Amino acid sequence: MAAPAGNTLRRALWLDSVDRRLRPHLPPSLAAHARLANLERGRLVFVVDAPVWHAKLRLASPQILDAARSLGLDVAEVVVKTTPPVAPPGQSTRKAIPMSAAAQKDLQAALASLKNPDPTGSD
């Protein structure tokens, strides 16, 4: 945790702590879709995963500001940004497209050629 990299890590841990303290003050349906991203110049910056949550968080801004002030934070504004959800590691957001029979046959032929190289050295 030595500077300067330690400062970034300490800031991230502090923001996570503030996020966990503010989360109970969010409407229950919104809490799973919003995350505190930053606190800068008196602004709480939240990231949400869809426009509908953006609107709901904006409506809840007065309560969030009151909760943040009760924690001792000097805040005057809530900023909301929308970003696509991030898939947890090991999970793909795209569904696999089945391979056609022709593509599967060609792939098998390519793999077989790698396992059994041509002894004459020609292609």
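All values derive from a computational prediction rather than experimental measurement.
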Query - Main-chain N/O of Leu15 paired with Arg20 side-chain donor or acceptor, under 3.5 Å - result: no
Query raised in the report: Are Leu44 and Leu71 co-members of a hydrophobic cluster defined by side-chain heavy atoms under 4.5 Å apart?
Result: yes
Report summary line: Closest heavy-atom pair, Ala37 versus Val47, reported as atoms and distance to 0.1 Å, is CB-CG2, 3.4 Å
Query raised in the report: Is a side-chain N or O of Arg21 found less than 3.5 angstrom from the main chain of Asp16, in a donor-acceptor match?
Result: no
Requested in this report: Treating Ile, Leu, Val, Met, Phe, Trp and Tyr as nodes and any side-chain heavy-atom pair under 4.5 angstrom as an edge, say whether Val75 and Leu57 lie in one connected cluster.
Outcome: yes
Query raised in the report: Would you find a donor on one side and an acceptor on the other, under 3.5 Å apart, between the side chain of His54 and the backbone of Val48?
Result: no
Query raised in the report: Side chains of Thr83 and Arg35: closer than 4.5 Å at any heavy-atom pair?
Result: no
Report task. Of all the heavy-atom pairs spanning Leu26 and Ala31, show the shortest one and how long it is. Result -> CD1-CA, 4.0 Å
Requested in this report: Could you pull out all residues at least two apart from Ala67 that satisfy side chain to side chain contact (heavy atoms under 4.5 Å, CB included)?
Outcome: Leu22, His25
**Report entry** Hphob cluster co-occupancy, Leu30 + Val52, side-chain heavy atoms under 4.5 angstrom
**Finding:** yes
Query raised in the report: Is there side-chain contact between Arg41 and Glu77, with heavy atoms separated by less than 4.5 Å?
Result: no
**Report entry** Side chain proximity check, Trp14 to Leu39, heavy atoms < 4.5 angstrom
**Finding:** yes
Query raised in the report: Side-chain contact, heavy-atom cut-off 4.5 Å: Ile64 with Phe46?
Result: yes
Query raised in the report: Within the side chain of Asp19, is there an N or O that forms a donor-acceptor pair under 3.5 Å with the backbone of Leu36?
Result: yes
Query raised in the report: With a 4.5 Å limit on heavy-atom distance, are the side chains of Leu65 and Val78 in contact?
Result: yes
